[in-house]
Protein chains: 2
Amino acid sequence: MARREEKVAEIVGHAWELARSQGFQGLSLRALATRVGMRQPSLYEYFASKDALYDAMFADANRQLLARLEALSLPADPRRALKSFFGTFTQFALEDDVRGQLMFLRPIPGFVPTPESYSWAQDVLGRAVDLLVAAGVTDPGDIDCFVAMVAGLITAQSSNEPGGDRWTRHLDRMIDLHLDDAQPRSTT
Amino acid sequence: MARREEKVAEIVGHAWELARSQGFQGLSLRALATRVGMRQPSLYEYFASKDALYDAMFADANRQLLARLEALSLPADPRRALKSFFGTFTQFALEDDVRGQLMFLRPIPGFVPTPESYSWAQDVLGRAVDLLVAAGVTDPGDIDCFVAMVAGLITAQSSNEPGGDRWTRHLDRMIDLHLDDAQPRSTT
DNA sequence: GTCTATACATCGATAGAC
DNA sequence: GTCTATCGATGTATAGAC
(Lines give C-alpha, C1' and ligand atoms only; values in the text may rest on other atoms or scores of the structure.)
Protein backbone atom coordinates (compact mmCIF):
# COMPACT_ATOMS: atom_id res chain seq x y z
CA MET A 1 0.00 0.00 0.00
CA ALA A 2 1.47 3.34 -1.09
CA ARG A 3 -1.02 5.46 0.85
CA ARG A 4 1.54 5.99 3.51
CA GLU A 5 4.30 7.01 1.13
CA GLU A 6 1.97 9.48 -0.54
CA LYS A 7 1.15 11.04 2.78
CA VAL A 8 4.80 11.24 3.73
CA ALA A 9 5.58 12.94 0.42
CA GLU A 10 2.72 15.35 0.97
CA ILE A 11 4.01 16.28 4.42
CA VAL A 12 7.52 16.78 3.10
CA GLY A 13 6.16 19.02 0.37
CA HIS A 14 4.38 21.19 2.90
CA ALA A 15 7.51 21.23 5.01
CA TRP A 16 9.45 22.70 2.08
CA GLU A 17 6.81 25.38 1.57
CA LEU A 18 6.92 26.28 5.21
CA ALA A 19 10.70 26.36 5.32
CA ARG A 20 10.79 28.54 2.22
CA SER A 21 8.48 31.11 3.75
CA GLN A 22 9.62 31.00 7.37
CA GLY A 23 13.10 29.53 7.29
CA PHE A 24 14.08 26.34 9.06
CA GLN A 25 13.64 28.15 12.30
CA GLY A 26 9.95 28.63 11.58
CA LEU A 27 9.47 25.00 10.66
CA SER A 28 7.73 23.80 13.79
CA LEU A 29 5.73 20.61 13.94
CA ARG A 30 2.69 22.58 14.99
CA ALA A 31 2.83 24.92 12.03
CA LEU A 32 3.53 22.01 9.72
CA ALA A 33 0.61 20.00 11.04
CA THR A 34 -1.71 22.97 10.65
CA ARG A 35 -0.63 23.40 7.04
CA VAL A 36 -1.06 19.70 6.32
CA GLY A 37 -4.45 19.72 7.95
CA MET A 38 -3.86 17.59 10.98
CA ARG A 39 -2.85 17.97 14.62
CA GLN A 40 0.75 18.13 15.67
CA PRO A 41 0.98 14.76 17.45
CA SER A 42 -0.39 13.01 14.36
CA LEU A 43 2.83 13.77 12.50
CA TYR A 44 4.53 11.23 14.72
CA GLU A 45 2.62 8.58 12.86
CA TYR A 46 4.84 9.39 9.85
CA PHE A 47 8.06 10.67 11.41
CA ALA A 48 9.55 9.30 14.58
CA SER A 49 11.15 12.63 15.43
CA LYS A 50 11.78 16.03 14.00
CA ASP A 51 15.21 14.94 12.86
CA ALA A 52 13.54 12.18 10.89
CA LEU A 53 11.58 14.87 9.07
CA TYR A 54 14.75 16.81 8.34
CA ASP A 55 16.34 13.63 7.09
CA ALA A 56 13.47 12.99 4.72
CA MET A 57 13.82 16.54 3.39
CA PHE A 58 17.56 16.10 2.94
CA ALA A 59 17.09 12.88 1.01
CA ASP A 60 14.30 14.44 -1.03
CA ALA A 61 16.46 17.40 -2.05
CA ASN A 62 19.33 15.18 -3.12
CA ARG A 63 17.03 12.93 -5.10
CA GLN A 64 15.67 16.00 -6.86
CA LEU A 65 19.16 17.10 -7.77
CA LEU A 66 20.12 13.66 -8.98
CA ALA A 67 17.02 13.50 -11.18
CA ARG A 68 17.81 16.92 -12.62
CA LEU A 69 21.35 15.89 -13.44
CA GLU A 70 20.33 12.58 -14.91
CA ALA A 71 17.89 14.34 -17.21
CA LEU A 72 20.77 16.19 -18.82
CA SER A 73 22.04 15.00 -22.19
CA LEU A 74 25.67 15.82 -21.68
CA PRO A 75 27.91 16.84 -24.58
CA ALA A 76 30.57 14.36 -25.61
CA ASP A 77 33.31 16.89 -25.04
CA PRO A 78 34.36 16.48 -21.39
CA ARG A 79 34.94 20.16 -20.87
CA ARG A 80 31.54 21.14 -22.20
CA ALA A 81 29.98 18.30 -20.25
CA LEU A 82 31.50 19.63 -17.03
CA LYS A 83 30.15 23.11 -17.71
CA SER A 84 26.69 21.75 -18.37
CA PHE A 85 26.77 19.54 -15.31
CA PHE A 86 27.99 22.16 -12.87
CA GLY A 87 25.93 24.89 -14.46
CA THR A 88 22.85 22.83 -13.73
CA PHE A 89 24.19 21.98 -10.30
CA THR A 90 24.72 25.66 -9.51
CA GLN A 91 21.33 26.67 -10.79
CA PHE A 92 19.69 23.98 -8.70
CA ALA A 93 21.54 25.03 -5.58
CA LEU A 94 20.54 28.67 -6.00
CA GLU A 95 16.96 28.42 -7.20
CA ASP A 96 15.75 27.44 -3.73
CA ASP A 97 17.53 29.02 -0.79
CA VAL A 98 16.53 26.74 2.04
CA ARG A 99 16.92 23.62 -0.06
CA GLY A 100 20.46 24.62 -0.95
CA GLN A 101 21.24 25.42 2.64
CA LEU A 102 20.00 22.06 3.86
CA MET A 103 22.05 20.24 1.22
CA PHE A 104 25.32 22.12 1.44
CA LEU A 105 25.44 23.93 4.76
CA ARG A 106 24.38 22.92 8.25
CA PRO A 107 21.49 25.28 8.93
CA ILE A 108 19.98 23.05 11.61
CA PRO A 109 22.08 22.74 14.76
CA GLY A 110 22.52 19.16 15.77
CA PHE A 111 21.02 17.61 12.68
CA VAL A 112 23.21 15.18 10.79
CA PRO A 113 21.84 13.23 7.81
CA THR A 114 21.62 9.49 8.20
CA PRO A 115 24.00 7.45 6.05
CA GLU A 116 21.06 6.34 3.94
CA SER A 117 20.16 9.90 3.04
CA TYR A 118 23.74 10.97 2.67
CA SER A 119 24.35 8.26 0.11
CA TRP A 120 22.26 10.27 -2.37
CA ALA A 121 24.64 13.18 -1.98
CA GLN A 122 27.60 10.89 -2.45
CA ASP A 123 25.98 9.62 -5.61
CA VAL A 124 25.91 13.17 -7.00
CA LEU A 125 29.52 13.74 -6.03
CA GLY A 126 30.48 10.46 -7.67
CA ARG A 127 29.06 11.59 -10.99
CA ALA A 128 30.93 14.86 -10.73
CA VAL A 129 34.18 13.04 -10.06
CA ASP A 130 33.61 10.77 -13.05
CA LEU A 131 33.21 13.78 -15.31
CA LEU A 132 36.27 15.45 -13.84
CA VAL A 133 38.37 12.36 -14.40
CA ALA A 134 37.10 12.15 -17.95
CA ALA A 135 38.19 15.75 -18.41
CA GLY A 136 41.68 14.97 -17.23
CA VAL A 137 41.38 16.02 -13.61
CA THR A 138 42.62 12.91 -11.89
CA ASP A 139 44.63 14.28 -8.98
CA PRO A 140 42.52 14.13 -5.79
CA GLY A 141 43.84 17.51 -4.72
CA ASP A 142 42.77 19.07 -7.99
CA ILE A 143 39.33 17.53 -7.62
CA ASP A 144 39.05 18.95 -4.11
CA CYS A 145 40.01 22.39 -5.34
CA PHE A 146 37.54 22.23 -8.19
CA VAL A 147 34.65 21.25 -5.95
CA ALA A 148 35.60 23.87 -3.37
CA MET A 149 35.71 26.50 -6.12
CA VAL A 150 32.18 25.70 -7.27
CA ALA A 151 30.93 25.68 -3.69
CA GLY A 152 32.68 28.98 -3.07
CA LEU A 153 30.94 30.65 -5.99
CA ILE A 154 27.56 29.25 -4.95
CA THR A 155 27.95 30.28 -1.33
CA ALA A 156 29.13 33.77 -2.20
CA GLN A 157 26.25 34.21 -4.64
CA SER A 158 23.67 32.87 -2.22
CA SER A 159 24.74 34.86 0.81
CA ASN A 160 25.68 38.16 -0.81
CA GLU A 161 23.41 38.55 -3.80
CA PRO A 162 20.67 35.92 -3.95
CA GLY A 163 19.02 35.87 -7.32
CA GLY A 164 21.88 37.62 -9.08
CA ASP A 165 24.82 36.33 -11.09
CA ARG A 166 27.73 38.42 -9.84
CA TRP A 167 29.63 35.27 -8.89
CA THR A 168 28.02 32.51 -10.91
CA ARG A 169 28.68 34.27 -14.22
CA HIS A 170 32.33 33.37 -13.75
CA LEU A 171 31.62 29.66 -13.42
CA ASP A 172 32.62 28.65 -16.96
CA ARG A 173 35.78 30.74 -16.83
CA MET A 174 36.76 29.22 -13.49
CA ILE A 175 36.10 25.75 -14.85
CA ASP A 176 38.44 26.44 -17.76
CA LEU A 177 41.02 27.84 -15.38
CA HIS A 178 40.99 24.72 -13.22
CA LEU A 179 40.96 22.34 -16.17
CA ASP A 180 43.87 24.07 -17.87
CA ASP A 181 45.79 23.99 -14.63
CA ALA A 182 45.19 20.30 -14.00
CA GLN A 183 45.75 19.18 -17.58
CA PRO A 184 49.55 19.40 -17.83
CA ARG A 185 50.10 17.37 -14.71
CA SER A 186 47.76 14.53 -15.70
CA THR A 187 48.88 14.04 -19.30
CA THR A 188 52.48 13.90 -18.05
CA MET B 1 35.26 54.59 34.28
CA ALA B 2 36.12 51.42 32.35
CA ARG B 3 34.61 49.05 34.87
CA ARG B 4 31.66 48.55 32.66
CA GLU B 5 33.72 47.86 29.54
CA GLU B 6 35.78 45.33 31.46
CA LYS B 7 32.66 43.54 32.57
CA VAL B 8 31.26 43.54 29.05
CA ALA B 9 34.51 42.08 27.75
CA GLU B 10 34.45 39.46 30.48
CA ILE B 11 30.91 38.44 29.57
CA VAL B 12 31.79 38.23 25.89
CA GLY B 13 34.78 36.07 26.76
CA HIS B 14 32.61 33.66 28.67
CA ALA B 15 30.11 33.69 25.83
CA TRP B 16 32.84 32.51 23.45
CA GLU B 17 33.80 29.70 25.82
CA LEU B 18 30.22 28.61 26.10
CA ALA B 19 29.64 28.76 22.35
CA ARG B 20 32.80 26.75 21.75
CA SER B 21 31.71 23.97 24.06
CA GLN B 22 27.99 23.96 23.35
CA GLY B 23 27.55 25.65 20.00
CA PHE B 24 25.56 28.80 19.46
CA GLN B 25 22.47 26.79 20.15
CA GLY B 26 23.64 26.12 23.69
CA LEU B 27 24.46 29.74 24.33
CA SER B 28 21.52 30.62 26.54
CA LEU B 29 21.45 33.66 28.76
CA ARG B 30 20.85 31.44 31.76
CA ALA B 31 23.92 29.34 31.08
CA LEU B 32 25.99 32.40 30.31
CA ALA B 33 24.94 34.15 33.50
CA THR B 34 25.77 31.07 35.54
CA ARG B 35 29.23 30.92 34.02
CA VAL B 36 29.83 34.60 34.58
CA GLY B 37 28.65 34.29 38.16
CA MET B 38 25.48 36.30 38.10
CA ARG B 39 21.78 35.77 37.53
CA GLN B 40 20.29 35.76 34.10
CA PRO B 41 18.34 39.05 34.32
CA SER B 42 21.50 40.88 35.39
CA LEU B 43 22.94 40.42 31.92
CA TYR B 44 20.40 42.93 30.68
CA GLU B 45 22.39 45.57 32.54
CA TYR B 46 25.11 45.06 29.91
CA PHE B 47 23.23 43.92 26.82
CA ALA B 48 19.84 45.21 25.80
CA SER B 49 18.96 41.95 24.10
CA LYS B 50 20.45 38.68 23.07
CA ASP B 51 21.10 40.04 19.59
CA ALA B 52 23.15 42.80 21.20
CA LEU B 53 25.31 40.09 22.73
CA TYR B 54 25.71 38.38 19.37
CA ASP B 55 26.59 41.71 17.85
CA ALA B 56 29.27 42.31 20.45
CA MET B 57 30.70 38.87 19.69
CA PHE B 58 30.65 39.55 15.97
CA ALA B 59 32.49 42.84 16.41
CA ASP B 60 34.93 41.23 18.82
CA ALA B 61 35.80 38.48 16.35
CA ASN B 62 36.40 40.91 13.53
CA ARG B 63 38.53 43.13 15.72
CA GLN B 64 40.59 40.09 16.65
CA LEU B 65 41.11 39.25 13.00
CA LEU B 66 42.03 42.82 12.14
CA ALA B 67 44.55 42.92 14.95
CA ARG B 68 46.07 39.66 13.77
CA LEU B 69 46.39 40.93 10.24
CA GLU B 70 47.82 44.27 11.30
CA ALA B 71 50.48 42.49 13.34
CA LEU B 72 51.83 40.92 10.16
CA SER B 73 54.93 42.40 8.59
CA LEU B 74 54.04 41.75 5.00
CA PRO B 75 56.71 41.05 2.38
CA ALA B 76 57.27 43.74 -0.21
CA ASP B 77 56.51 41.34 -3.04
CA PRO B 78 52.74 41.60 -3.62
CA ARG B 79 52.35 37.92 -4.38
CA ARG B 80 54.12 36.85 -1.22
CA ALA B 81 52.23 39.47 0.73
CA LEU B 82 48.94 38.02 -0.49
CA LYS B 83 49.93 34.53 0.55
CA SER B 84 50.94 35.73 3.99
CA PHE B 85 47.76 37.75 4.42
CA PHE B 86 45.35 35.05 3.31
CA GLY B 87 47.33 32.32 5.00
CA THR B 88 46.85 34.15 8.27
CA PHE B 89 43.25 34.85 7.40
CA THR B 90 42.60 31.18 6.71
CA GLN B 91 44.32 30.04 9.87
CA PHE B 92 42.31 32.50 11.91
CA ALA B 93 39.04 31.39 10.37
CA LEU B 94 39.78 27.72 11.08
CA GLU B 95 41.37 27.82 14.50
CA ASP B 96 38.04 28.53 16.19
CA ASP B 97 35.00 26.87 14.68
CA VAL B 98 32.20 28.92 16.16
CA ARG B 99 34.08 32.18 15.72
CA GLY B 100 34.58 31.46 12.05
CA GLN B 101 30.95 30.49 11.66
CA LEU B 102 29.74 33.70 13.25
CA MET B 103 32.00 35.78 11.03
CA PHE B 104 31.48 34.10 7.70
CA LEU B 105 28.26 32.12 7.88
CA ARG B 106 24.89 32.88 9.43
CA PRO B 107 24.70 30.31 12.22
CA ILE B 108 22.13 32.29 14.19
CA PRO B 109 18.73 32.52 12.51
CA GLY B 110 17.51 36.07 12.39
CA PHE B 111 20.68 37.70 13.62
CA VAL B 112 22.14 40.37 11.39
CA PRO B 113 25.15 42.39 12.52
CA THR B 114 24.64 46.08 13.03
CA PRO B 115 26.36 48.38 10.53
CA GLU B 116 28.79 49.45 13.26
CA SER B 117 29.94 45.88 13.81
CA TYR B 118 29.92 45.06 10.14
CA SER B 119 32.26 47.92 9.40
CA TRP B 120 35.06 45.93 11.03
CA ALA B 121 34.49 43.14 8.53
CA GLN B 122 34.48 45.64 5.69
CA ASP B 123 37.77 46.96 6.98
CA VAL B 124 39.31 43.51 6.65
CA LEU B 125 37.95 43.10 3.15
CA GLY B 126 39.29 46.53 2.22
CA ARG B 127 42.80 45.52 3.16
CA ALA B 128 42.49 42.35 1.11
CA VAL B 129 41.35 44.32 -1.90
CA ASP B 130 44.26 46.74 -1.54
CA LEU B 131 46.70 43.85 -1.60
CA LEU B 132 44.97 42.27 -4.58
CA VAL B 133 45.11 45.50 -6.53
CA ALA B 134 48.78 45.86 -5.67
CA ALA B 135 49.30 42.35 -7.02
CA GLY B 136 47.66 43.27 -10.30
CA VAL B 137 44.16 41.96 -9.66
CA THR B 138 42.15 45.04 -10.49
CA ASP B 139 39.11 43.62 -12.25
CA PRO B 140 36.19 43.44 -9.78
CA GLY B 141 35.14 40.09 -11.18
CA ASP B 142 38.61 38.67 -10.59
CA ILE B 143 38.55 39.99 -7.05
CA ASP B 144 35.17 38.36 -6.46
CA CYS B 145 36.47 35.05 -7.77
CA PHE B 146 39.58 35.24 -5.63
CA VAL B 147 37.64 35.93 -2.45
CA ALA B 148 35.12 33.21 -3.27
CA MET B 149 37.98 30.78 -3.86
CA VAL B 150 39.49 31.44 -0.44
CA ALA B 151 36.10 31.18 1.21
CA GLY B 152 35.45 27.95 -0.65
CA LEU B 153 38.64 26.36 0.64
CA ILE B 154 37.93 27.50 4.19
CA THR B 155 34.35 26.27 4.16
CA ALA B 156 35.27 22.91 2.66
CA GLN B 157 38.03 22.46 5.21
CA SER B 158 35.89 23.49 8.13
CA SER B 159 32.85 21.40 7.29
CA ASN B 160 34.53 18.26 5.97
CA GLU B 161 37.77 17.93 7.85
CA PRO B 162 38.10 20.39 10.72
CA GLY B 163 41.63 20.56 11.99
CA GLY B 164 43.15 19.10 8.83
CA ASP B 165 44.72 20.66 5.76
CA ARG B 166 43.25 18.66 2.90
CA TRP B 167 41.91 21.85 1.29
CA THR B 168 43.95 24.63 2.84
CA ARG B 169 47.24 23.12 1.71
CA HIS B 170 46.31 24.19 -1.80
CA LEU B 171 45.86 27.83 -0.83
CA ASP B 172 49.20 29.11 -2.16
CA ARG B 173 48.82 27.20 -5.40
CA MET B 174 45.31 28.56 -5.90
CA ILE B 175 46.54 32.07 -5.19
CA ASP B 176 49.19 31.69 -7.88
CA LEU B 177 46.61 30.30 -10.27
CA HIS B 178 44.30 33.26 -9.79
CA LEU B 179 47.09 35.83 -9.94
CA ASP B 180 48.54 34.36 -13.13
CA ASP B 181 45.08 34.34 -14.67
CA ALA B 182 44.32 37.94 -13.76
CA GLN B 183 47.74 39.32 -14.66
CA PRO B 184 47.56 39.29 -18.47
CA ARG B 185 44.28 41.13 -18.55
CA SER B 186 45.37 43.87 -16.17
CA THR B 187 48.78 44.64 -17.68
CA THR B 188 47.08 44.86 -21.07
C1' DG C 1 23.64 47.05 39.90
C1' DT C 2 22.10 42.74 41.43
C1' DC C 3 18.68 40.10 43.07
C1' DT C 4 13.98 37.08 43.34
C1' DA C 5 10.05 36.00 41.08
C1' DT C 6 7.52 35.48 37.25
C1' DA C 7 5.25 36.41 32.91
C1' DC C 8 4.72 34.57 28.49
C1' DA C 9 5.75 32.17 24.49
C1' DT C 10 7.31 28.06 21.98
C1' DC C 11 8.98 23.82 21.43
C1' DG C 12 9.26 18.45 20.90
C1' DA C 13 7.34 14.56 22.62
C1' DT C 14 4.13 11.27 25.07
C1' DA C 15 -0.25 9.14 27.20
C1' DG C 16 -4.33 7.41 26.32
C1' DA C 17 -9.28 7.83 24.58
C1' DC C 18 -11.72 6.96 20.40
C1' DG D 1 -4.58 6.60 12.53
C1' DT D 2 -6.19 10.73 14.52
C1' DC D 3 -7.50 13.09 18.23
C1' DT D 4 -7.37 15.88 23.09
C1' DA D 5 -4.72 16.96 26.76
C1' DT D 6 -0.63 17.67 28.80
C1' DC D 7 4.14 17.11 30.27
C1' DG D 8 8.56 19.09 30.85
C1' DA D 9 11.97 21.84 29.31
C1' DT D 10 13.84 26.04 27.36
C1' DG D 11 13.87 30.46 25.92
C1' DT D 12 13.81 35.86 26.31
C1' DA D 13 12.33 39.52 28.80
C1' DT D 14 10.26 42.40 32.60
C1' DA D 15 8.64 44.05 37.37
C1' DG D 16 9.98 45.47 41.46
C1' DA D 17 12.44 44.77 46.07
C1' DC D 18 16.91 45.74 48.02
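Here is the naming used below: chain letters follow the sequence lines, and residue numbers restart at 1 for every chain.
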Next on the checklist: For residues 126-137 of chain B, which residue pairs pass the salt bridge (charged side-chain N to carboxylate O under 4.0 Å, His left out) check, not counting sequence neighbours?
Outcome noted: B/E70-B/R127, B/D123-B/R127

Protein-nucleotides 4-9 of chain C N/O pairs closer than 3.5 Å?
unit_1, atom_1, unit_2, atom_2, d
C/dT4, OP2, B/R39, NE, 3.1

Next on the checklist: Going by side chain to side chain contact (heavy atoms under 4.5 Å, CB included), name the residues that satisfy it together with A/N62, two or more places apart in sequence or in a different chain.
Outcome noted: A/F58, A/M103, A/W120, A/A121

Next on the checklist: I'd like to know if B/R3 and B/E6 make a salt bridge, using a cut-off of under 4.0 Å between side-chain N and carboxylate O.
Outcome noted: yes

Next on the checklist: With a 4.0 Å cut-off on N to O distance, would you call B/K83 and B/D77 a salt bridge?
Outcome noted: no

Checklist entry - Counting only non-hydrogen atoms, which of residues 43-57 of chain A are less than 4.0 Å from DNA chain D? => result A/E45, A/Y46

Next on the checklist: Between A/L32 and A/L53, does the side chain to side chain contact (heavy atoms under 4.5 Å, CB included) criterion hold? Intermediate values first, please.
Outcome noted: CA-CA 11 Å; A/L32 176 58; A/L53 170 66; 3.6 Å; yes

Item to check | Side-chain N,O (A/R3) to OP1/OP2 (D/dG1) below 4.0 Å | outcome: no

Item to check | B/L32 CG to D/dG11 P, straight-line distance once rounded to whole Å | outcome: 12 Å

Checklist entry - Is any side-chain heavy atom of A/K7 less than 4.5 Å from a side-chain heavy atom of A/E45? => result no

Checklist entry - Is a side-chain donor or acceptor of A/Q157 paired with a backbone partner of A/L94 at a separation under 3.5 angstrom? => result no

Item to check | Check against side chain to side chain contact (heavy atoms under 4.5 Å, CB included), A/M149 and A/L177 | outcome: CA-CA 11 Å; A/M149 174 273 292; A/L177 184 63; over 6 Å; no

Checklist entry - With sequence neighbours left out, what residues match B/T114 under side chain to side chain contact (heavy atoms under 4.5 Å, CB included)? => result B/D55, B/E116, B/S117

Checklist entry - Is there a residue in residues 20-29 of chain B whose heavy atoms reach under 4.0 Å of DNA chain D, and which residues are they? => result B/S28, B/L29

Item to check | Residues A/R79 and A/D172 bridged, charged N to O under 4.0 Å | outcome: no

